[in-house]
Amino acid sequence: MRTLIKNGTVLSTTGAVTADVLVDGETIAAVTAPGVLAEQNVVADTEFDAAGKYVMPGGIDAHTHMEMPFGGTFSADTFETGTRAAAWGGTTTIIDFAVQPKGNSLLSTLDAWHEKADGDCAVDYGFHMIVSDVNDATLKEMESCVAAGVSSFKMFMAYPGVFYSTDGEILRAMTKAADIGGTIAMHAENGIAIDELVAQALAEGRSEPYQHGVTRPPELEGEATSRAITLAKVTGSPLYIVHLSAAQALSAVAEARDEGQNVFAETCPQYLYLSIEDLGKPDFEGAKYVASPPLREKHHQPDLWRGLRTNDLSVVSTDHCPFCFKDQKELGRGDFTKIPNGMPGVEHRIDLLHQGVVAGEISLARWVEACSTTPARMFGLYPRKGVIAPGADADLVIYDPAAEQTISAETHHMNVDYSAYEGMTITGRCETVLSRGSVVVDRGTYHGRAGHGRFLERDLCQYLN
Ligand SMILES: [Zn+2]
């Protein structure tokens with residue numbers, strides 16, 4: 001089965017070139033100047049004319065939470081619905097977080113996540129491991145995780161009593177990571193201090209969603225980010241800061257990178273486009289925007305765009321963790337601490353970052369890099385993923401940069417009853433999406449199937465010095 005995508009503007013980290021892309025089976029067979037394949041009488045079973053369109057490597061969302069347990073409920077997208085929505089938005093790989101419950105082993109956790117995902121995914125998927133119980137046994141198991149293709153471990157400086165790890169526990173896990181080549185991904189907010197601010201707010205009767213933002217100030221993200229960087233330096237561990245939202249945290253990352261430390265960071269579209277003002281929306285609507293770290297004041301946004309340009313922020317992921325407004329977010333009416341933390345986003349990452357291209361914030365090359373190529377390298381999937389080159393998986397997006405669309409819960413494919421970007425009109429749209437050579441989405445029609453997506457055994461981070 002051969003597919004030819006001809007005359008497209010093929011994008012990579014070095015820019016754009018008009019080319020034909022030939023797919024044979026599940027992989028890319030050739031990338032040539034337009035017409036060369038026709039001259040050679042290469043016949044394809046299916047052809048797409050991509051003239052005037054971009055052809056880009058399929059998106060990699062390195063931060064999703066499908067059917068994740070949180071506060072007595074589960075995030076609303078299953079692996080089936082979440083990966084379908086991802087495909088609609090041009091994301092052909094997700095890396096989801098397996099969550100170790102305290103007292104369970106890492107390997108039984110991994111088994112449980114395989115059970116949730118296997119046979120259900122529309123696109124390929126990998127896992128990170130959330131380590132919430134640091135002890136001799138789990139430290140030992142980190143080696144087995146790496147061998148099983150799970151080479152990154154997330155820890156939390158937030159959520160005391162749930163996922164929180166002490167500095168000592170973080171130090172132990174980082175020492176192990178340094179030893180085995182694993183990467184520590186960090187949720188960097190000072191949860192101990194935040195809990196005090198939360199207690200003060202509740203004691204003073206401040207219980208509305210906006211208080212979620214007030215009680216998690218950006219300084220406490222900056223402080224935790226600096227502390228994580230210091231612990232990583234002491235142990236020699238690579239460090240990946242997840243969902244960086246604050247200028248203070250960005251400064252800390254930039255400084256560490258300038259000094260040559262293996263420190264990396266991602267941000268998310270919600271921090272580039274939304275702000276703490278959204279948390280203040282009336283009639284409890286602010287609950288739709290409760291995620292951690294919280295949405296920040298708008299003045300952080302230009303700093304984050306600059307970070308994307310300078311590579312101090314090298315990845316854009318979504319932290320997709322949808323909870324329906326009705327029945328789920330509503331659990332926190334009258335007490336913002338009971339609002340499940342998380343926002344939907346897996347479907348719109350590529351489109352929202354394309355707005356950054358339209359607005360002149362980032363280049364086309366940077367768009368592709370942040371959404372696909374860098375996450376592939378960061379998490380050991382390159383060059384199988386993240387690039388359009390012979391031998392790579394044929395995960396491809398034909399993107400119409402001129403199409404207009406309005407984001408709405410009425411039309412999105414995520415299993416959640418609201419959109420954080422409701423009514424936002426944007427330029428650009430994924431027209432056709434291929435996952436390992438199979439057409440998953442084409443001009444408004446879904447052709448994918450649950451179970452097409454395969455588990456990806458990942459190598460180590462490919463950026464380490
Ligand atoms: Zn997350």
Side-chain angles (χ1 to χ4, degrees), residues 56-68 75-98 113 117 120-128 130 150 152 154 185 240-244 264-273 291 308 313-322 342-354 356 367-382 384-387 393 395-397 399 407 412-416 420-421 430 433-436 440-441 448 453-456 458:
M56 58 192 290
I60 299 174
D61 191 340
H63 191 150
T64 69
H65 300 280
M66 306 303 176
E67 45 191 302
M68 190 196 81
S75 58
D77 264 318
T78 61
F79 280 90
E80 182 173 351
T81 64
T83 56
R84 190 162 62 211
W88 273 103
T91 288
T92 51
T93 298
I94 64 162
I95 309 178
D96 201 87
F97 288 87
W113 250 257
D120 285 349
C121 293
V123 296
D124 289 350
Y125 60 98
F127 295 131
H128 309 279
I130 289 178
V150 177
S152 40
K154 185 182 182 188
Y240 179 85
I241 302 291
V242 293
H243 49 45
L244 188 148
F264 312 94
E266 68 176 18
T267 191
C268 311
Q270 55 268 35
Y271 302 119
L272 296 164
Y273 288 101
L308 277 174
L313 294 171
S314 46
V315 173
V316 177
S317 307
T318 60
D319 195 10
H320 176 76
C321 193
M343 286 170 53
V346 74
E347 188 168 348
H348 296 119
R349 181 181 62 122
I350 307 253
D351 286 332
L352 288 167
L353 264 290
H354 182 251
W367 176 46
V368 168
E369 204 165 24
C371 291
S372 178
T373 312
T374 299
R377 287 182 165 138
M378 191 69 68
F379 297 108
L381 292 168
Y382 189 87
R384 181 173 167 193
K385 306 289 191 191
V387 63
D393 281 356
D395 292 358
L396 296 163
V397 176
Y399 195 86
I407 299 178
H412 74 199
H413 303 86
M414 300 176 285
N415 185 39
V416 60
Y421 305 95
C430 297
V433 179
L434 277 71
S435 165
R436 278 184 286 103
V440 182
V441 173
R454 287 193 199 130
F455 175 69
L456 299 165
R458 298 184 291 108

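Side chains are part of it too, since the values below use all heavy atoms of this structure and drop only hydrogens, waters and symmetry mates.
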Q: How many angstroms lie between atom CG of Asp61 and atom OG of Ser372, to the nearest 0.5 angstrom?
A: 11.0 Å
Q: Looking at every non-hydrogen atom in both residues, tell me the closest pair between Thr318 and Gly345 and how far apart they are.
A: CG2-O, 3.5 Å
Q: Test His63 against every option in Glu266, His128, Arg349 by the side chain to side chain donor-acceptor pair (under 3.5 Å) rule and name the one that passes.
A: Glu266
Q: Who passes side-chain contact (heavy atoms from CB on, under 4.5 Å) against Thr93, sequence neighbours left out?
A: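 Thr93 satisfies side-chain contact (heavy atoms from CB on, under 4.5 Å) with Ile60, Asp124, Leu381, Lys385, Asp395, Leu456 only.
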Q: Might you work through the side-chain contact (heavy atoms from CB on, under 4.5 Å) test for Trp88 and Val433, ending with a clear yes or no?
A: CA-CA 8 Å; Trp88 273 103; Val433 179; over 6 Å; no
Q: Cation-pi between Arg377 and Tyr382: NZ/CZ under 6.0 Å from ring centre and within 45° of the ring axis?
A: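 Positive - Arg377 is close enough to the ring of Tyr382 and near enough to its axis.
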Q: Can you confirm whether His320 sits close enough to Pro344 that some side-chain heavy atom of one is under 4.5 Å from a side-chain heavy atom of the other?
A: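 A side-chain contact exists here, since the closest heavy-atom pair is under 4.5 Å.
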Q: Got Val316 and Trp367 here, is their nearest side-chain heavy-atom distance under 4.5 Å?
A: no
Q: Less than 4.5 Å apart, any side-chain heavy atom of Phe264 and any of Thr374?
A: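 No, every pair of side-chain atoms sits at 4.5 Å or beyond.
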Q: Less than 4.5 Å apart, side chain to side chain, heavy atoms only: is that true for Arg458 and Ile95?
A: yes
Q: So do the side chains of Gln270 and His243 get within less than 4.5 Å of each other, counting heavy atoms only?
A: no
Q: So, do Pro322 and Asn415 sit near enough that their side-chain heavy atoms are less than 4.5 Å apart?
A: no
Q: Work out which heavy atom in Ala62 is nearest to a heavy atom in Pro375; give both atom names and the distance.
A: CB-CB, 4.4 Å
Q: Please report the shortest heavy-atom distance between Ile350 and Gly59, naming the atom on each side.
A: CD1-CA, 3.8 Å
Q: Would you sort out whether Tyr421 and His348 count as a ring pair (Phe, Tyr, Trp, His ring centres under 6.0 Å), showing the intermediate values?
A: CA-CA 9 Å; Tyr421 305 95; His348 296 119; 7.0 Å; no
Q: Evaluate side-chain contact (heavy atoms from CB on, under 4.5 Å) for Thr92 paired with Val440, printing each intermediate quantity in order.
A: CA-CA 9 Å; Thr92 51; Val440 182; over 6 Å; no
Q: Tell me which one of Arg384, Arg454, Arg436 satisfies side chain to side chain donor-acceptor pair (under 3.5 Å) with Asp393.
A: Arg384
Q: Does Glu347 use its side chain to pair, donor to acceptor, with the backbone of His413 at less than 3.5 Å?
A: yes
Q: Go through the steps to decide whether Ile94 and Met66 satisfy the test side-chain contact (heavy atoms from CB on, under 4.5 Å), and finish with yes or no.
A: CA-CA 10 Å; Ile94 64 162; Met66 306 303 176; 4.1 Å; yes
Q: So, taking the atom named SG in Cys121 and the one named CD in Glu80, what distance separates them when rounded to the nearest 0.5 Å?
A: 9.0 Å
Q: Is the side chain of Thr373 donor-acceptor paired with the backbone N or O of Gly386 at a distance under 3.5 Å, no angle test?
A: yes
Q: Using the side chain to side chain donor-acceptor pair (under 3.5 Å) criterion, which residues pair with Thr267? Sequence neighbours excluded.
A: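 Here no residue qualifies.
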Q: Could you tell me which non-hydrogen atom of Leu244 sits nearest to which non-hydrogen atom of Tyr271, and how far apart they are?
A: O-CD1, 3.9 Å
Q: Tyr273 side chain to Leu352 main-chain N or O, any donor-acceptor pair under 3.5 Å?
A: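 Such a contact is found between Tyr273 side chain and Leu352 backbone.
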Q: Applying the side chain to side chain donor-acceptor pair (under 3.5 Å) test to Thr64, which of Asp96, Thr83, Thr91 qualifies?
A: Asp96
Q: Quick one: are Trp113 and Phe97 in side-chain contact, heavy atoms under 4.5 Å?
A: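 Heavy-atom side-chain distance check fails, nothing below 4.5 Å.
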Q: Got His65 and Asp319 here, is their nearest side-chain heavy-atom distance under 4.5 Å?
A: yes
Q: Could you report the tightest heavy-atom contact between Gly453 and Tyr125, atom names first, then the distance?
A: O-CE2, 3.7 Å
Q: Taking all non-hydrogen atoms of both residues into account, name the closest pair between Thr81 and Ala76 and its distance.
A: OG1-O, 4.4 Å
